[in-house]
Amino acid sequence: MRSRYKWGTAAVAVVGLSGALVFQGVTGQSAGSASGDGKSGPARADTRTAPLETSDHGGRAVLRQRDTEPFSMLGITWTDPSARITGTVEARARAAGSGKWSHWLRLDGDSGQGESAARRGGTEPAWVGPSDGVEVRVTAGGKTSGKLPAGLRLDLVDPGKGAEGGMEPAVSRGEVAGSGIEPAAFRADAADDPTPPAGSEDPAPVESPSEDPSPSVEPSTTPPTEPTPSEAPTSPAPPSGTPVPSTSPSGSPSPSPTATVPTAPPSTAPRPTITTRAAWGADESISPEEPGYLPGGKIKAVVVHHTAESNDYTCAQAPAVVRGIYTYHVKQLGWKDLGYNFLVDKCGTVYEGRKGGVDLPVLGAHAYGFNTETTGISVLGTYTGVAPSEAALVSVARIAAWKLGQYGVSPTGTTTLTAGDSGRSYFGKTWSKGAQLSFPTIHGHRDGYNTQCPGDQFYGKLATIRGWAAGPVTGLAIKSVTGAGLSGTTYYTKAGITVNWSATTPSSLISKYELLVDGRTAATAAGGATSAKATLAVGTHKVQVRAVHQSGTTSTSAAATVVAETTAPAFPTKPGLALRAGTVNTTAVPVKLSWKATDTAALKEVRLTAPVAKTYGPTTTSADHTVTSGAAKTWSMTAYDQAGNTGSASVSGTPVILQESSATKSGTWTTKSSASYLGGTSYSSSAKNASLTWTFTGRSVAWVVSRASTSGQAYVYVDGTKAATVDLKSSTTKYRDAIWTKTWSTSAKHTIKIVVVGTSGRPTITTDAIVYLK
């Protein structure tokens, strides 16, 4: 048997043979346009339903794996709007294209919103992305007596192609043998025309399941009501792939004030950018009713939600997710409009929800028993085990601050709400109708209804959202001062500085920063800035950063002490150069460089700039180096203080090697040859009192010897006076060893005399040369 319906201008065949709903020869309107002329307009969503067969005495229901026409969102609904499934509701979908099945998604067993005009009860809708297959399993709570509500069915939504470049409309797939969908299971939505094409057969129409009286999925013969000004599209659809923000920060325009439409009050917080209903592709023809407003005309609290099981969407798909929720709420559950007042995606884009003017106290359907005093914000996604993005949290904080600011309500305060019906919270608290209950002015859906919403990870962030919304800016601290050196806890500069700071409050909630010097404003920066510049007068200053929250509240960082000074460091001990002990080569004579630098404020470092580059800390006063013999070198040093002031000094010197052959000899000396000696030769003597004498003009001298375990001792005379007894014995053989040195404050003529002691058992000494510094 084949029943035919009209789909736009195309024929739609519900094929009994294959069991799949097949769209054949579709040539009419696309789901993304209001007409066939290619002009942009609201996205037309496609919905389908399938009854769920129950078993186990009404305690279990399933839908086996089925092929379907394309869809991206699903939910489970039932006849009685007041009923609730206390067991588990799970579904999974097959991704279009890849054919991969998703994991089982657990749906909240009750949408929990409380729309008085609801025709059906249902779970929260779940976004599954473009899919062409589905499977469902539902189990009642209770061990023996639990039953599922009557009229269970699966509802699928294809949100249509809108501004974000979403899914294409259903197209011809041909007959898929063995797909397993019953002819009546998936039917066209209210956009279908039950009139068969001219000249065709007129078989019996496909019937809806008997337990589903909702006209939201039946063919409609009533023309849609003319949209109100706030419902009418205000701009053409944007380019594919981009969520479109409102051209006005207020979203859709508010209706003109009347006896029933309140006036939009100003807010103490700035209005965030909001994507209008027209921009996300709302089909206003499916919700023609006029909006309602809070009976008291005042928003007393914000209720925060998540949409559940929707984390895998992309931000480009977010408008389609919003359209899917809108379609599900209106066409599947029978609500007058989208339940939430605002929706936020994981990229932080804010979407206008229920119509009526985003700046007005629109009556939503989001918190059963408390809709008449609250506004609802829902973040697309499920946040039971995963925390929402910071971008989403910031947007929630901004909307909450703006809406509460219109009515003088503190985001960190509490408020008293009157229960519109008896109820129970997720935490087990119960109340009766008319009860006066205290809530945080920003609270989670679970606080007023027995639901996990908005999920544990999101619920734990509500305190953060309250703080962000109310201010002041938190975590404000100076991180560094560029253009200044830090010593201990004090910064030093010549004059110009750049102060760098950070704060934990997101920048979009901060109006501005002020850089304070000694309590006075020295510079102002935008809320997204992290630094500012100032020029300081000579002296000690207290520098702080003050942050102004969008609410007007302020916070000030701890003070940093900054000293401005221009005095250069000094060298009370000028750099000096001396020979030191060590192995001597003609290309590497060991020398020691000494100095002392000071500063009136704080010395930072001393840099050796020539003949080599080295940097030393402020407490270092000497360093070992080597220099080539016979090469005149100038050793240049610069001292830096923490402010950047500098002072310089230098010393020059030339090391000269005098071979043993240049000395005046007395006693017996033997020449020894080896490449290990300076110049290839040395003198050796074991004769007591044998001596060598050198004369030179310089300010530092070193005696260079060879050493071994059999080496003896020698006396050293300086300018005729005995200065030292030097033992040349060494457990290891050493050559060219500068074993003894002496340095004078100035250069002068000196004599060095070496005398053999004649040590018993090891009388021999071997001398190579002396080195002096001129």
Side-chain angles (χ1 to χ4, degrees), residues 268-270 390 394 397-398 401 410-412 463-570 597-605 617-619 639-647:
T268 56
E390 180 173 299
V394 170
R398 296 189 68 196
S410 169
T412 55
T464 298
I465 289 175
R466 295 181 191 113
W468 285 355
V473 174
T474 58
L476 181 62
I478 292 175
K479 305 303 292 183
S480 64
V481 179
T482 305
L486 179 63
S487 178
T489 59
T490 302
Y491 290 94
Y492 295 86
T493 182
K494 290 181 180 180
I497 59 171
T498 299
V499 179
N500 308 290
W501 63 81
S502 65
T504 54
T505 297
S507 61
S508 60
L509 296 162
I510 302 171
S511 295
K512 65 178 180 178
Y513 287 102
E514 296 172 329
L515 180 59
L516 306 179
V517 177
D518 300 327
R520 295 183 294 273
T521 302
T524 301
T530 56
S531 66
K533 296 181 178 180
T535 300
L536 305 181
V538 172
T540 301
H541 304 278
K542 182 175 71 173
V543 176
Q544 296 170 284
V545 176
R546 180 163 59 203
V548 182
H549 188 266
Q550 66 172 18
S551 65
T553 59
T554 63
S555 59
T556 305
S557 72
T561 300
V562 183
V563 176
E565 58 99 9
T566 57
T567 303
T598 60
D599 186 66
T600 56
L603 185 67
K604 179 182 180 182
E605 62 192 18
T619 60
Y640 290 76
D641 66 15
Q642 292 288 358
N645 300 301
T646 63

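Note that the structure is a prediction, hence the values are computed from the model and not measured. In what follows, every heavy atom counts, from backbone to side chain, and hydrogens, waters and symmetry copies are set aside. Start at 1 with the first residue, then count along the sequence.
Closest heavy-atom contact between Ala469 and Pro411: CB-CB, 3.7 Å. Considering all non-hydrogen atoms of both residues, Lys604 and Pro618 come closest at O-CD, 3.2 Å. A pairwise comparison of heavy atoms in Thr412 and Ala470 identifies CG2-CB, 3.5 Å as the closest pair. Taking all atoms of both residues into account, the shortest heavy-atom contact from Ala503 to Val473 is CB-CG1, 3.7 Å. In this structure, Ala484 and Thr493 approach most closely via the heavy-atom pair CB-CB, 3.9 Å. The two atoms that bring Val394 and Pro506 nearest to each other are CG2-CG, 3.2 Å, heavy atoms only.
Not counting sequence neighbours, the partners of Ala643 by the side chain to side chain contact (heavy atoms under 4.5 Å, CB included) test are Tyr492, Glu565, Asp641, Asn645. Residues forming a ring-ring contact (aromatic ring centres under 6.0 Å, His included) with Tyr491 (at least two apart in sequence, or on another chain): none.
Atoms CD and CD, on Glu605 and Gln642 in that order, are 8.0 Å from each other to the nearest 0.5 Å. Rounding to the nearest 0.5 angstrom, the gap separating the CZ atom in Arg546 from the OG1 atom in Thr556 is 5.5 Å. Note that CH2 of Trp468 and OG of Ser551 are 15.0 Å apart. Values are rounded to the nearest 0.5 Å. Note that the CG atom of Leu476 and the OG atom of Ser502 stand 7.5 Å from one another [nearest 0.5 Å].
In this structure, Leu509 and His549 have side chains that are in contact, with non-hydrogen atoms separated by less than 4.5 Å. Contact check for Val545 versus Val499: side-chain heavy atoms found under the 4.5 Å cut-off.
For Thr498 (side chain) and Thr482 (main-chain N/O), no donor-acceptor pair under 3.5 Å exists by modelled atom type.
In the model, Thr474 has a side-chain atom that pairs as donor or acceptor with a side-chain atom of Thr504 under 3.5 Å.
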Would you list the atom pairs, donor with acceptor, under 3.5 Å between side chains in residues 518-543 and any protein atom, with sequence neighbours excluded?
{"residue": "Asp518", "atom": "OD1", "partner": "Lys542", "partner atom": "N", "Å": "2.8"}
{"residue": "Asp518", "atom": "OD2", "partner": "His541", "partner atom": "ND1", "Å": "2.9"}
{"residue": "His541", "atom": "NE2", "partner": "Ala537", "partner atom": "O", "Å": "2.6"}

